[in-house]
> 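What follows is a structure written as structure tokens; I'll ask about it next.
The figures here come from the full heavy-atom set of this structure, side chains too, leaving out hydrogens, waters and symmetry mates.
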Amino acid sequence: FLAKAGLGFGGVALADLLLADARAADAQRRGESVPGALSRPHHEPKVKRVIYLFQSGGPSQLETFDYKPLLNKMQGEPLPDSVRQGQRLTGMSGNQAILPLAGSIFPFKQHGQCGAWVSDLLPHTAKMVDDLAIVRSMYTEAINHDPAITFLQTGNQIAGRPSIGAWLTYGLGSENANLPAFVVLVTKGKTDQPLYSRLWGSGFLPSRYQGVQFRSGKEPVLYLNNPAGVSSESRRAMLDELRNLHELHAEQTHDPEIETRIAQYEMAFRMQSSVPEVTDLSQEPENILDLYGPAVKTPGTFAANCLLARRLAERGVKFIQLYHQGWDQHGGLPGGIKLQCRETDQPAAALLADLKDKGLLNETLVIWGGEFGRTNYSQGKLTANDYGRDHHPRCFSMWFAGGGIKGGTVYGETCEFGYNIAQGATHVRDFHATLLHLLGIDHERLTYKFQGLDARLTGVEPARVVKEILA
């Protein structure tokens, strides 16, 4: 009896899931706002959307937000075994005869009413510290880029899981029927660790929940525009006939992906007018362009993408993911990180100020951070003005701003060597749980049936909401 009943319950759950998928696809096809799997949030949300400024490569916390003067005092001395505690290193520095401590050559100062220490490399961000919650005690198990980035973006080090944006779109739906609920912007022309489309993929969720990448140039979304000689009217007629064929097929197979395909065709047709409008930054007044800096007028720069993120947020896009590569400084760190900060500091601070001025910051969560931190010792030769840093998963820094965030907060602390967490340890899963919490979601209750399990973003291991940074 129990076996039969269990199978029956499973069949009911599967049928309910497929019906929900079909309803969402049907709403998207008709050009309506798309409901999510959750009929209502689990609790009162603090924000409506997320802008995630992902700094790919692993920014050095020791040159940005985690001030460690002891490293300067002990410059060149070997990393004490009592600090390392036998922790694993990468093959890139693990065979060095000595691991010489390297202090930052860039000064730090305290800023804002909160007195947060920020590097001189980030003067614009420093002016916004009273709006930020800086977490200096993030950690991960992943020590190499691909699994570490995949972990931050999908909740699992192994590829194939749904990305954060896909989970949010699945759970909460979309507000604007003419734009994707999940948009990806990658800085143009940066070379570093590769980024894959699976980082914004839907994994085992239906494919309509995957992110849509907007590119710089005349064709922001590939293959969106009509080919030469094809009018909008003929494209409309073709889509109508194609829909009829797909509906006949759907009646025979009951495959929810067919409904998704129809909905995506219709979305693409509507995006032929909505995408050119939202990506036209020339509509912005000169004072706004000046706020983001001179690079904002160059399509595909981090500055241009930050401004585009604000325009997408205004139009109801729920999850806006920016990627900026170039932070992987194993050698020549001083020159490399100076360039990275010059490219990102002013635009990131401008985004916060712009959102705040337009009354959007209190309903938007803005996140800045990479996949791990950097070692407190030099990888390779250490000189008075040059050094490199290897990957360090044991501690790194991120910042958060916007609705529900307690501005002017510095949470967590690393040891005086900047190698281990002293208090406030915050795991990647805690970050995901906190993000979902701010959107009104209990991370343990947003699930999707996959291979017999109720899969979720935070997985099965413990995760906590970091209430210390919440207002």
Side-chain angles (χ1 to χ4, degrees), residues 46-47 50 52-55 58-71 82-85 87 104 108 110-119 122 125-126 128-143 148 151-152 155 164 365-376 389 391-438 442-444 457-459 461-471:
K46 299 295 184 181
V47 295
V50 176
Y52 190 174
L53 310 177
F54 189 78
Q55 310 303 306
S60 171
Q61 73 281 11
L62 299 171
E63 270 72 31
T64 50
F65 298 105
D66 202 3
Y67 179 44
K68 295 299 170 187
L70 179 65
L71 297 180
S82 60
V83 175
R84 179 184 167 187
Q85 300 174 3
Q87 295 170 27
S104 175
F108 276 69
Q110 288 181 286
H111 294 270
Q113 293 183 353
C114 64
W117 288 96
V118 180
S119 166
L122 301 168
T125 302
M128 304 297 294
V129 290
D130 287 330
D131 291 302
L132 306 183
I134 301 171
V135 179
R136 298 183 302 190
S137 51
M138 293 294 304
Y139 75 100
T140 177
E141 288 82 23
I143 200 170
F151 198 6
L152 260 294
I164 302 172
L365 174 63
V366 184
I367 305 165
W368 183 99
E371 66 267 34
F372 44 52
R374 314 302 295 196
T375 56
N376 63 354
R389 298 193 190 276
H391 308 166
H392 191 60
R394 295 300 304 160
C395 53
F396 61 104
S397 298
M398 296 177 67
W399 61 250
F400 305 80
I405 294 295
K406 188 191 298 181
T409 299
V410 178
Y411 176 69
E413 185 178 336
T414 57
C415 70
E416 59 183 349
F417 287 88
Y419 197 86
N420 296 301
I421 293 174
Q423 62 181 30
T426 305
H427 191 268
V428 172
R429 286 186 295 272
D430 302 333
F431 156 57
H432 291 151
T434 306
L435 185 157
L436 293 177
H437 175 83
L438 287 167
D442 180 340
H443 72 96
E444 294 184 341
L457 173 62
T458 51
E461 296 185 56
R464 72 180 183 95
V465 174
V466 187
K467 295 183 179 179
E468 293 85 350
I469 68 170
L470 303 184

> Does Leu62 offer a backbone N or O that forms a donor-acceptor pair with the side chain of Thr64 under 3.5 Å?
no

> Is a side-chain N or O of Gln423 found less than 3.5 angstrom from the main chain of Ile421, in a donor-acceptor match?
no

> Using modelled atom types only, decide if a donor and an acceptor are shared between the side chain of Glu371 and the backbone of Gly58 within a distance under 3.5 Å.
yes

> Is there a donor-acceptor contact under 3.5 Å from the side chain of Asp130 to the main chain of Cys114?
yes

> Within a strict 4.5 Å, meaning less than it, do heavy atoms of the Tyr52 and Ile164 side chains meet?
yes

> Using side-chain heavy atoms (C-beta onward) and a distance below 4.5 Å, is Arg374 in contact with His391?
yes

> Working to the nearest 0.5 angstrom, can you tell me the gap between Met398 CE and Ile469 CD1?
9.0 Å

> Look up atom CZ in Phe54 and atom CG in Leu152, then write down how far apart they are to the nearest 0.5 Å.
5.0 Å

> With ring centroids as reference points, do His392 and Phe372 lie under 6.0 angstrom apart?
no

> So, taking the atom named CZ in Phe431 and the one named CZ in Phe400, what distance separates them when rounded to the nearest 0.5 Å?
5.5 Å

> How about Tyr419 and Phe417: are their ring centroids closer than 6.0 Å?
no

> Answer whether the closest heavy-atom distance between the side chains of Pro59 and Trp368 falls below 4.5 Å.
yes

> Calculate, to the nearest 0.5 Å, the distance between atoms OG1 and CZ belonging to Thr125 and Phe65 respectively.
5.5 Å

> Is a side-chain N or O of Gln110 found less than 3.5 angstrom from the main chain of Gly115, in a donor-acceptor match?
yes

> Mind checking what makes salt bridge (charged side-chain N to carboxylate O under 4.0 Å, His left out) contact with Arg389, not counting sequence neighbours?
Glu63

> Measure centre to centre between the rings of Trp399 and Tyr411, then say whether the value is under 6.0 Å.
no

> In this structure, which one of Leu132, Asp131, Ile367, Leu438 forms a side-chain contact (heavy atoms from CB on, under 4.5 Å) with Ile405?
Leu438

> Hey, what do you get for CG (Asn420) to SG (Cys415), rounding to the nearest 0.5 Å?
5.0 Å

> Do His111 and Trp117 come close enough that some side-chain heavy atom pair is under 4.5 Å?
no

> Could you give the distance from CE (Met138) to OG (Ser397), rounded to the nearest 0.5 Å?
9.5 Å

> For residues 413-430, which residue pairs qualify under salt bridge (Lys or Arg N to Asp or Glu O under 4.0 Å), counting only residues two or more places apart or in two chains?
Arg429-Glu461

> Is the number of heavy atoms from other residues, nucleotides or ligands under 6.0 Å of Gln85 CD greater than 12?
yes

> Lys46: which residues meet the salt bridge (charged side-chain N to carboxylate O under 4.0 Å, His left out) condition with it, sequence neighbours left out?
none

> Examine distances only and state if a side-chain atom of Ser137 and a backbone atom of Gly424 form a donor-acceptor pair shorter than 3.5 Å.
yes

> Take Leu470 and Val465, measure what side chain to side chain contact (heavy atoms under 4.5 Å, CB included) needs, and give me the verdict at the end.
CA-CA 9 Å; Leu470 303 184; Val465 174; 3.8 Å; yes

> Do Ser119 and Phe108 come close enough that some side-chain heavy atom pair is under 4.5 Å?
yes

> Identify which one of Arg136, Lys68, Arg394 satisfies the side chain to side chain donor-acceptor pair (under 3.5 Å) criterion when paired with Thr414.
Lys68

> Side chains of Val466 and Val135, heavy atoms from C-beta outward: is any pair under 4.5 Å?
no

